[in-house]
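Right, one structure below, let's go through it.
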Amino acid sequence: MMVMVRAVKGTKDILPEEMPRWQLIESTARNIFATFGFEEIRTPLFEETELFHRGIGEATDVVSKEMYTFPDRSGNSLTLRPEMTASVVRATIEHRLELYRNPLRLFYIGPMFRYERPQKGRYRQFHQIGAEVIGSDHPAIEAEAIEMLLLLLERLQVRGSELVINSIGCPSCRPDFLNLLRNAVSEKLERFCADCRDRSSRNVLRVLDCKQETCQEPIESLPAISDHLCEGCRSHFLQFRSWLEKRRVPYQVRSRLVRGLDYYEKTTFEISNGLLGAQNALAGGGRYDGLSALLGGKPSKGFGFAMGMERLVLALPEEAVKESSSTPELCLVPLGEKALEVAAGVASKIRQAGKGCYLEYEARSLKAALRSADRIRARWALILGDNELQTGQWVLKDLTAQTQRLITETELLEACASGAGKTQILF
RNA sequence: GUGAGCGUAGCUCAGCUGGAUAGAGCACUGGAUUGUGGCUCCAGUGGUCGGGGGUUCGAAUCCCCUCGCUCACCCCA
């Protein structure tokens with residue numbers, strides 16, 4: 001037997017049944033982002049591998065072991081984007097978008113790719129909605145972006161989200177802190193788990209984020225970054241917090257919050273939600289003032305976030321998705337080949353008038369056709385058999401009211417012409 | 001990369017410590033109703049029990065390998 005080809009590991013089909021949830025999320029996001037002055041941008045799904053190496057950082061997990069990297073036919077190394085901030089910043093540099101609006105407010109919706117073991121809420125092809133503000137380092141804009149994100153969640157009736165924030169310092173204070181931290185960890189190395197011992201040399205900050213029971217106590221005694229911020233970072237963070245408070249956004253400071261991408265500095269944040277399982281981060285983001293310069297552009301400060309759409313779908317309550325069927329309400333039921341020809345012509349005219357209808361092709365019997373019309377939830381069935389062909393009087397059956405009446409082609413097309421702008425036919 | 005759990009009809013699942021032609025509900029098709037749906041009743045289609053090997057008189061059931069899915073670690077959205 002032929003082996004069935006299936007969707008590759010970590011990818012999945014989003015079937016028509018679940019499409020309303022996705023469409024709701026996308027349209028709500030577009031509407032809300034527009035009210036904040038954000039404009040949509042789409043960048044290619046793949047980029048020069050170099051972009052992510054430079055932007056995200058060689059040492060990160062994403063770059064070192066999670067990228068879909070491949071040579072194209074000319075030998076260039078390309079990579080399916082694992083996130084989109086680097087691409088957006090690349091595009092702003094390439095097209096000088098900072099000349100066009102300052103700050104630049106952009107958002108995006110699209111698929112990302114990371115080679116990881118799939119689990120609940122985590123896929124190899126996953127989708128993000130994200131937003132970036134480029135060209136300003138005002139702390140108020142961070143609070144505004146977070147407010148926008150929370151408003152989206154509220155509008156989608158997603159409950160139980162928590163905002164945690166932190167400042168991870170900047171190039172002028174972080175290196176000193178990292179040394180301090182590294183030394184503190186190595187002093188009591190034996191008290192940390194094997195993973196943390198490994199992390200202490202690879203990426204010390206991560207030690208702060210370890211969830212191992214046994215590591216909690218030694219972590220407590222480690223220096224906190226909040227005590228070692230430079231004056232600029234400290235004041236920026238305080239202002240950011242006060243802007244959140246002015247906007248009445250509840251938050252928690254977690255000095256152990258660490259992000260996985262090297263370009264972040266100063267403000268970082270995460271929104272988690274208990275409905276998601278182990279991968280409980282619904283959205284995350286932060287400031288990336290050095291990224292533009294790193295990618296060869298003019299120094300340009302930025303702040304942004306990304307939200308996982310699959311995770312948002314998991315957290316989306318059923319009542320938020322309203323039944324909104326856009327499928328046709330009229331089903332044409334021809335009985336026999338000759339009737340099919342006539343019906344096909346009528347269907348064309350209906351659609352040219354901007355209305356919709358189903359055309360039943362394989363009506364084995366009237367009974368089967370009506371059953372099928374019922375199943376696709378059509379409101380009316382137009383029956384076209386030998387009798388109707390003869391008389392020119394077709395049978396229009398109201399499947400809900402269980403009534404039927406005769407109608408001519410002319411009357412039908414007149415009904416189609418009425419109700420301008422609506423795709424459903426009004427009888 | 002590591003660990004655990006699970007693979008029986010399109011879907012959700014029964015199938016007791018190994019026993020004869022592998023079952024149910026839903027879905028699908030047809031009939032009761034020669035051109036009238038949803039409800040009801042009746043009947044039917046559909047499975048190399050994920051794949052391979054082994055133990056046995058006999059394997060969906062036990063053992064080994066393999067593939068797949070799920071969840072968790074790691075990491076993140």
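Since this is a predicted model, take the numbers as computed values, not measurements. Per chain, numbering begins at 1; letters A, B, ... match sequence-line order.
Summary of the strand contacts: A:Val258 and A:Pro118 both lie near RNA chain B, and taking for each the nucleotide with the nearest heavy atom, the more 5' one is attributed to A:Pro118. Taking for each of A:Gly285 and A:Tyr115 the nucleotide of RNA chain B with the nearest heavy atom, the 5'-most of the two is the partner of A:Tyr115.
Considering only side-chain N and O atoms, A:Lys65 lies nowhere under 4.0 angstrom from the phosphate OP1 or OP2 of B:C75. Dashed line: the shortest gap from a side-chain N or O of A:Arg371 to OP1 or OP2 of B:G30 is under 4.0 Å. OP1 and OP2 of B:U70 both lie 4.0 Å or more from every side-chain N or O belonging to A:Gln119. Residue A:Arg122 has no polar side-chain atom (N or O) positioned under 4.0 Å from OP1 or OP2 of B:C74.
For the P atom pair drawn from B:G3 and B:G18, the interatomic distance equals 30 Å after rounding to whole Å. When the P atom is compared between B:C11 and B:C49, the two are found 16 Å apart, to the nearest whole Å. Remark: the separation of the P atoms in B:G7 and B:C13 is 10 Å, to the nearest Å. The gap from the C1' atom of B:C6 to that of B:U61 amounts to 16 Å, rounded to the nearest Å. Rounded to the nearest Å, the gap between the P atom of B:C42 and that of B:A24 is 13 Å. For the C1' atoms, the distance linking B:G15 with B:U2 amounts to 35 Å, nearest Å. Using C1' as the reference atom, B:U8 and B:G68 are 15 Å apart when rounded to the nearest Å. Comparing the P positions of B:C64 and B:C39 gives an interatomic distance of 48 Å, to the nearest angstrom.
Side-chain atoms of A:Asp374 come within donor-acceptor range of the base of B:G37, with a qualifying N/O pair under 3.5 Å. Side chain A:Arg6 to base B:C69: no donor-acceptor pair is found below 3.5 Å.
Pairs engaging residues 33-64 of chain A under the ring pair (Phe, Tyr, Trp, His ring centres under 6.0 Å) rule: A:Phe33-A:Phe107 [sequence neighbours left out].
You'll find that the side chain of A:Lys120 is closest to B:A72, out of B:C75, B:A77, B:A72. Comparing atom distances between the A:Leu399 side chain and each of B:G37, B:C76, B:U29 picks out B:G37 as nearest.
Nucleotide B:C57 is matched to B:G19 when pairs are restricted to Watson-Crick or G-U wobble geometry with both distances under 3.5 angstrom. With a cut-off of 3.5 Å on both Watson-Crick or G-U wobble distances, the partner of B:C49 is given as none. Base-pair partner of B:U36: not found among the strands shown (Watson-Crick or G-U wobble, both distances under 3.5 Å). Base pairing of B:G68: its partner is B:C6, meeting the Watson-Crick or G-U wobble criterion (both donor-acceptor distances under 3.5 Å). The partner of B:C76 is absent, by the rule that a Watson-Crick or G-U pair needs both atom distances under 3.5 Å. Here B:U29 sits opposite B:A43 as a Watson-Crick or G-U wobble pair (both hydrogen-bonding atom distances under 3.5 Å). Taking a pair to require two hydrogen-bonding distances under 3.5 Å in either a Watson-Crick or a G-U wobble arrangement, B:A24 pairs with B:U12.
Looking at heavy-atom distances under 4.0 Å, A:Gln402 makes contact with a base. Using a 4.0 Å heavy-atom distance criterion, A:Gly121 is classed as a base contact. When heavy atoms are screened at a 4.0 angstrom cut-off, A:Ala373 is found touching no nucleic acid atom at all. Residue contacts for A:Tyr123: at a heavy-atom cut-off of 4.0 Å it reaches a base atom on one of the strands shown. Looking at heavy-atom distances under 4.0 Å, A:Arg114 makes contact with a base. Backbone-only engagement by A:Arg375 is indicated by non-hydrogen atom pairs under 4.0 Å involving sugar-phosphate atoms exclusively.
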A:Leu312 and A:Val158: CA distance, side-chain angles, deciding distance, side chain to side chain contact (heavy atoms under 4.5 Å, CB included) verdict: CA-CA 8 Å; A:Leu312 194 48; A:Val158 171; 4.0 Å; yes
Residues A:Arg174, A:Glu265; criterion salt bridge (charged side-chain N to carboxylate O under 4.0 Å, His left out); working and verdict: CA-CA 9 Å; A:Arg174 191 159 34 172; A:Glu265 58 184 78; 5.2 Å; no
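Taking the side chain to side chain contact (heavy atoms under 4.5 Å, CB included) definition, one finds that A:Ser292 meets it with A:Val89, A:Ile93, A:Ser300, sequence neighbours left out. Residues that satisfy the salt bridge (Lys or Arg N to Asp or Glu O under 4.0 Å) test with A:Glu154, not counting sequence neighbours, are absent from this structure. Qualifying side chain to side chain donor-acceptor pair (under 3.5 Å) partners for A:Glu26, counting only residues two or more places apart in sequence or in other chains: none. Listed by chain and number, the residues in a salt bridge (Lys or Arg N to Asp or Glu O under 4.0 Å) with A:Glu144 amount to none (sequence neighbours excluded). Residues satisfying the side chain to side chain donor-acceptor pair (under 3.5 Å) criterion with A:Tyr288, sequence neighbours excluded, are A:Glu132. With sequence neighbours excluded, the residues that form a side chain to side chain donor-acceptor pair (under 3.5 Å) with A:Lys188 are A:Ser221. Residues forming a side chain to side chain contact (heavy atoms under 4.5 Å, CB included) with A:Glu98 (at least two apart in sequence, or on another chain): A:Arg96, A:Lys298. Shown here are the side chain to side chain donor-acceptor pair (under 3.5 Å) partners of A:His228, two or more places apart in sequence or in another chain: there are none.
One distance of note links CD1 of A:Ile41 with NE2 of A:His95; it measures 7.0 Å at 0.5 Å rounding. Note that the CZ atom of A:Arg256 and the CG atom of A:Leu208 stand 7.5 Å from one another [nearest 0.5 Å].
Each of A:Met112, A:Lys12, A:Lys9, A:Arg114 was checked for a side chain to side chain contact (heavy atoms under 4.5 Å, CB included) with A:Arg124, and the lone residue meeting it is A:Lys9.
In this structure, the CD atom of A:Glu116 is 9 Å from the P atom of B:A77, given to the nearest Å.
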Can you check nucleotides 41-43 of chain B for protein contacts, nitrogen or oxygen pairs under 3.5 Å, and list what you find?
none

Provide a list of protein-nucleic acid N or O atom pairs under 3.5 angstrom, restricted to nucleotides 34-36 of chain B.
unit_1 : atom_1 : unit_2   : atom_2 : d
B:G35  : O6     : A:Asn387 : N      : 3.0
B:G35  : O6     : A:Asn387 : OD1    : 3.2
B:G35  : O6     : A:Asn387 : ND2    : 2.7
B:G35  : N1     : A:Glu388 : OE1    : 2.9
B:G35  : N1     : A:Glu388 : OE2    : 3.0
B:G35  : N2     : A:Glu388 : OE2    : 2.7
B:U36  : O2     : A:Lys397 : NZ     : 2.9
B:U36  : O2     : A:Gln404 : OE1    : 3.3
B:U36  : N3     : A:Gln404 : OE1    : 2.9
B:U36  : O4     : A:Gln404 : NE2    : 3.2

Reading nucleotides 2-12 of chain B from the 5' end, what letters show protein touch, with B for base, S for backbone sugar-phosphate only, - for no heavy atom under 4.0 Å? BB---------
